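Shown next, in structure tokens, is the structure this report addresses.
These numbers were taken from a predicted model, which means no experiment stands behind them. Values reported hereafter were calculated over all heavy atoms of this structure, with side chains retained and with hydrogens, waters and symmetry mates removed. Just so it is clear: chains get the letters A, B, ... in the order the sequence lines come, proteins before strands, and each one is counted from 1.
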Protein chains: 2
Amino acid sequence: MDADKVFKALADPTRRKLLDLLCEQNGQTLSQLCESIDMARQSATQHLGILEDASLVSTVRRGREKLHFINPVPLHEVYKRWVRKFEHQRLNLLHDLKKELEGK
Amino acid sequence: MDADKVFKALADPTRRKLLDLLCEQNGQTLSQLCESIDMARQSATQHLGILEDASLVSTVRRGREKLHFINPVPLHEVYKRWVRKFEHQRLNLLHDLKKELEGK
DNA sequence: ACAATATGCAGGCTTTTACCTGCATGTCAA
DNA sequence: TTGACATGCAGGTAAAAGCCTGCATATTGT
């Protein structure tokens with residue numbers, strides 16, 4: 001998993017919206033997704049390409065259509081590597097911060 | 001919490017490294033952090049400014065020094081809103097994907 | 001076959017990002 | 001008080017990001 005690609009992919013609101021849309025209904029085509037994001041189709045293609053390159057989305061060609069599916073694995077990896085780490089130390093970190101803000 | 005600022009802040013490897021450094025030793029000064037990131041001090045300042053603007057880092061002035069502390073709250077918010085959502089559906093999503101890749 | 005549909009590809013434009021250098025300001029300690 | 005140290009601030013540049021238009025290709029249904 002390329003953490004940098006995943007984080008960069010998540011950094012754009014349009015791409016997060018695309019993930020949300022796929023979470024509501026998995027397997028949508030490019031055209032379907034385009035109806036929800038108010039943007040030229042070609043721009044959506046770019047965004048989906050970035051999501052796919054980060055392995056956050058996998059696609060399947062069916063005739064002239066392209067179906068898009070969420071791949072939850074890299075998000076889980078990010079969670080394990082980044083979020084959980086800070087979650088574990090969360091109370092300690094909050095304590096540090098509070099103490100310092102109080103003027104120690 | 002501004003989710004967009006948080007995601008954009010996390011999108012840069014240098015900034016993620018800064019968070020890691022602070023996780024190892026909370027409350028470091030700008031100069032201390034600079035020793036670890038091979039970059040002009042002014043660039044580090046910019047990165048830290050972005051982290052601070054996203055509320056991922058809080059700072060305290062002590063004399064001529066500026067101490068940097070991790071604020072774990074926005075990361076927790078991101079976790080609740082984004083990661084957990086996909087975690088809950090993780091097995092379903094994996095199932096969708098597998099079935100489609102098998103040619104249905 | 002052919003018109004409509006779904007997507008791919010190339011190039012251009014504008015804004016943002018991530019660096020940098022140079023100089024200014026504030027603080028400490030001898 | 002003055003030299004060394006820590007940080008702030010103001011540009012400037014090159015690369016990347018995000019959007020677009022225009023045209024090409026592939027598939028479907030009548």
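Taking side-chain N and O atoms only, A:S43 has a distance below 4.0 Å to OP1 or OP2 of D:dC20. Between B:R61 and the phosphate of D:dG8, there is a side-chain N or O to OP1/OP2 separation shorter than 4.0 Å.
Proximity of A:V78 to B:W82: side-chain heavy atoms (C-beta onward) are nowhere separated by under 4.5 Å. Here the side chains of B:F86 and A:I70 are in contact, with some heavy-atom distance below 4.5 Å. Counting heavy atoms from C-beta on, the side chains of A:C23 and B:Q89 come closer than 4.5 Å.
Of all the residues in residues 6-36 of chain B, B:T29, B:L30, B:S31 reach under 4.0 Å from DNA chain D with at least one non-hydrogen atom.
A straight line from NE2 of A:H47 to P of D:dG18 spans 6 Å, rounded to a whole angstrom. At whole-Å resolution of the value, CG in B:L48 and P in D:dA6 are 16 Å apart. We find that CG of A:L51 is positioned 14 Å from C1' of D:dA17, with the value rounded to whole Å. Taking atom CD1 of A:I37 as the reference point, atom P of D:dC19 lies 8 Å away to the nearest angstrom. Rounded to whole Å, the distance from CZ on B:R62 to C1' on D:dT7 is 15 Å. As a whole-Å value, the separation of A:Q46 CD from D:dC20 P is 10 Å.
Other residues sharing the hydrophobic cluster of B:V73, ordered by chain and number and joined by side-chain separations under 4.5 Å: A:L94.
A salt bridge is defined here as a Lys NZ or Arg NE, NH1 or NH2 lying under 4.0 Å from an Asp or Glu carboxylate O, and A:E65 with A:R62 meets this definition. In summary, B:K8 and B:D4 engage in a salt bridge, as defined by a charged side-chain N under 4.0 Å from a carboxylate O.
No side-chain donor from either of A:E52 and A:S58 sits under 3.5 Å from a side-chain acceptor of the other.
Rounding to the nearest 0.5 Å gives a distance of 9.0 Å between NZ of B:K85 and CG of A:L19.
A nucleotide of DNA chain C counts as in contact with chain A when one of its atoms lies under 4.0 Å from a heavy atom; the first and last such, 5' to 3', are C:dA4 to C:dC9.
Residue contacts for B:R41: at a heavy-atom cut-off of 4.0 Å it reaches a base atom on one of the strands shown.
A distance-only check finds a donor-acceptor pair linking the side chain of B:R15 to the backbone of B:A9 [under 3.5 Å].
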